[in-house]
Amino acid sequence: MNERVAAVLRGLGDRESVADVGGMAEAALAAGEARFLGDLGVALARSGVDAWQHRNVFGRLLRLLCLTPGREHVEEAVRLVDATNGATPPYPRLAAALLAEGQSPADLGAVFAGGARAHAPEESRACLVHELVLRGALPGEVPALDRWARSRHWRHHPLRRLPLELLTVEKRPALASNSSRGSSRSLPDPRPGASLAPARSGSRPPLATERTTEAFRANAGAAVHNWCAESNGTYESGHWELSAPVAEAAVPLLLRGLGLGSLATAKPRRPLALTRPTPEQVWAVLFAAAAHGGAYSGGEYGAYGRLAAWRSFAALAGAPEDAEPAHVEEIAYGCAWYGFAGVTKWFRMVAWDVGFAAVRPDGRELAVLAATDTD
């Protein structure tokens with residue numbers, strides 16, 4: 001460790017503020033000293049100290065390197081991620097999102113071409129592929145990236161099953177906007193779609209028999225899992241077999257009769273206010289929930305957020321667990337989708353609510369996901 005790095009680390013954990021350290025790093029980067037930021041970040045990662053001051057400075061260094069264009073900055077950012085060695089938060093996921101936003105595909109080719117200074121962990125490469133796909137980049141634009149993305153080298157990685165281009169249903173992912181000091185995010189309407197006309201009197205729903213399994217519950221809730229694991233969230237999901245195809249006018253009464261906690265406080269004399277979202281709108285809400293997290297959870301970031309959204313989307317649509325996303329999309333377009341987030345006091349109505357029901361193509365199966373979180 002050189003003396004300049006040691007001087008920064010000395011007493012860092014006793015500081016009440018690290019703003020001046022961040023300013024120093026920004027000035028050093030502007031002066032062309034990316035290597036110094038890399039050395040300092042590696043030293044922080046390997047120090048074994050988990051003080052907030054160390055995490056704050058490391059995060060600032062990572063953001064500066066990832067978001068400042070240039071191959072040298074990419075190489076130093078990769079060094080930082082490699083040094084974290086599985087630490088929390090999941091730095092490969094965060095760095096991939098930052099790099100995809102801040103760097104050109106050509107400069108990111110260094111991550112896949114190898115070399116001593118850009119030896120990226122495989123997890124970083126897998127995440128980066130799909131962060132780029134989410135931003136509309138095609139792997140074929142960068143030969144080194146394309147070779148790695150289409151190789152069998154990562155065939156067992158969970159992200160490998162995702163397509164290398166956006167499908168129709170996922171054309172408008174809500175992505176975070178990042179700076180060296182943090183990020184901002186805009187969330188889609190949690191209850192998208194046109195309002196459904198109130199149910200006509202005399203509309204009778206078919207009988208519903210619950211067929212929910214633990215596997216379905218886990219898959220349907222994948223997009224909101226981080227809300228519950230890391231924040232104040234809760235969710236419920238279920239799958240029912242219907243005695244006859246359900247008419248749209250009977251869907252509100254059908255949902256009321258399922259015993260859902262999220263609808264338990266609905267006023268019996270007031271029509272249940274549903275919407276008719278498109279599959280694209282449903283996928284967008286699921287992706288935002290997974291990628292950006294809830295009130296206190298950091299989310300899965302783009303690549304794993306995409307994977308979680310597809311898991312939930314597939315479960316609700318009734319696709320086989322091993323179905324490719326293109327097949328899931330085909331099934332989903334045959335479903336009738338309904339939105340009910342925010343219609344009862346079960347939903348916290350802060351910023352994090354999900355409520356969707358899917359009537360599957362034959363009209364004789366129904367799946368539901370409801371989730372809420374608060375600060």
Side-chain angles (χ1 to χ4, degrees), residues 34 38 41 45 58-59 61-87 89-167 170 173-180 183 287 290-292 298-310 325:
F58 183 88
L61 297 174
L62 183 64
R63 286 178 172 274
L64 282 168
L65 289 167
C66 288
L67 295 172
T68 305
R71 182 179 176 121
E72 182 182 8
H73 303 141
V74 172
E75 293 173 345
E76 293 302 328
V78 168
R79 285 183 64 214
L80 264 63
V81 174
D82 199 23
T84 60
N85 194 27
Y91 285 108
R93 301 186 188 187
L94 170 59
L98 296 172
L99 288 168
E101 180 177 345
Q103 304 291 338
S104 70
D107 284 333
L108 290 174
V111 176
F112 300 90
R117 297 184 65 190
H119 183 68
E122 299 294 85
E123 179 69 2
S124 295
R125 292 178 173 180
C127 290
L128 184 54
V129 166
H130 290 290
E131 290 288 355
L132 287 168
V133 169
L134 284 165
R135 288 160 178 78
L138 297 175
E141 296 173 8
V142 182
L145 188 161
D146 189 55
R147 284 193 299 271
W148 190 86
R150 299 184 188 281
S151 72
R152 291 175 54 81
H153 187 65
W154 64 314
R155 64 188 180 277
H156 299 303
H157 195 284
L159 295 176
R160 183 66 177 86
R161 66 182 301 181
L162 294 174
L164 295 177
E165 59 183 357
L166 293 178
L167 299 184
E170 54 181 349
L175 300 173
S177 177
N178 291 283
S179 73
S180 65
S183 62
F287 172 77
H292 303 318
E300 308 285 353
Y301 301 100
Y304 278 92
R306 189 184 185 206
L307 182 64
W310 276 109

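The figures that follow rest on heavy atoms only: side chains count, while hydrogens, waters and symmetry mates do not. Note that the numbering runs from 1 along the sequence shown for the chain. If you're wondering where the values come from, they're calculated on a predicted model, not measured in any experiment.
Here the OG atom belonging to S183 is positioned 11.5 Å from the CG atom belonging to L175, to the nearest 0.5 angstrom. Taking CG of L132 as the reference point, atom CG of L145 lies at 6.0 Å (rounded to 0.5 Å). L108 CG to S104 OG: the interatomic distance, rounded to the nearest 0.5 Å, is 6.0 Å.
Annotation: side chain to side chain contact (heavy atoms under 4.5 Å, CB included) contacts of L138 (sequence neighbours excluded): E141, E165. Evaluation of the ring-ring contact (aromatic ring centres under 6.0 Å, His included) rule for Y304 yields no partner, not counting sequence neighbours. With sequence neighbours left out, R160 forms a side chain to side chain donor-acceptor pair (under 3.5 Å) with no residue at all.
Using a 4.5 Å heavy-atom cutoff, the side chains of D146 and F112 are not in contact. D82 has its side chain out of reach of Y91: every pair of non-hydrogen atoms, C-beta onward, lies at least 4.5 Å apart. In this structure, the side chains of E123 and W154 stay at 4.5 Å or more apart for every pair of heavy atoms.
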#### Entry: Evaluation steps, side-chain contact (heavy atoms from CB on, under 4.5 Å), between L307 and R161
CA-CA 9 Å; L307 182 64; R161 66 182 301 181; 4.3 Å; yes
### Query
Which is it for E75 and R71 under the salt bridge (Lys or Arg N to Asp or Glu O under 4.0 Å) test, yes or no, and what are the steps along the way?
CA-CA 6 Å; E75 293 173 345; R71 182 179 176 121; 3.3 Å; yes
### Task
Could you walk me through whether L159 and C127 pass side-chain contact (heavy atoms from CB on, under 4.5 Å), step by step?
CA-CA 8 Å; L159 295 176; C127 290; 4.2 Å; yes
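Not one N or O on the side chain of H73 forms a donor-acceptor pair closer than 3.5 Å with the backbone of C66. Formation of a donor-acceptor pair under 3.5 Å by the T84 side chain with backbone atoms of V81 is found in this model. The backbone N or O of S179 lies less than 3.5 Å from a partner atom in the side chain of R63, making a donor-acceptor pair. Under the 3.5 Å distance criterion, the side-chain polar atoms of E101 are left unmatched by any main-chain donor or acceptor of L67. A donor-acceptor pair under 3.5 Å is absent between the side-chain atoms of E131 and the main chain of A100, judged by distance alone. R125 places a side-chain N or O within donor-acceptor distance of the main-chain N or O of V111, the cut-off being under 3.5 Å.
Taking each heavy atom of E170 and P163 in turn, the nearest pair found is OE2-CG, 4.1 Å. Considering all non-hydrogen atoms of both residues, V133 and L166 come closest at O-CG, 3.5 Å. Heavy-atom minimum distance, L94 versus Y301: CD1-CE2, 3.7 Å. Shown here for A77 and L62, the closest heavy-atom pair between the two residues is O-CD1, 4.1 Å. Residues G305 and A290 approach most closely at O-CB, 3.6 Å, considering heavy atoms. The two residues V142 and P105 come nearest to each other via the heavy atoms CG2-O, 3.2 Å.
With hydrogens and angles left out, the side-chain atoms of H292 and E300 include no donor and acceptor closer than 3.5 Å.
Atom CZ of R155 has more than 12 heavy atoms from other residues, nucleotides or ligands within 6.0 Å.
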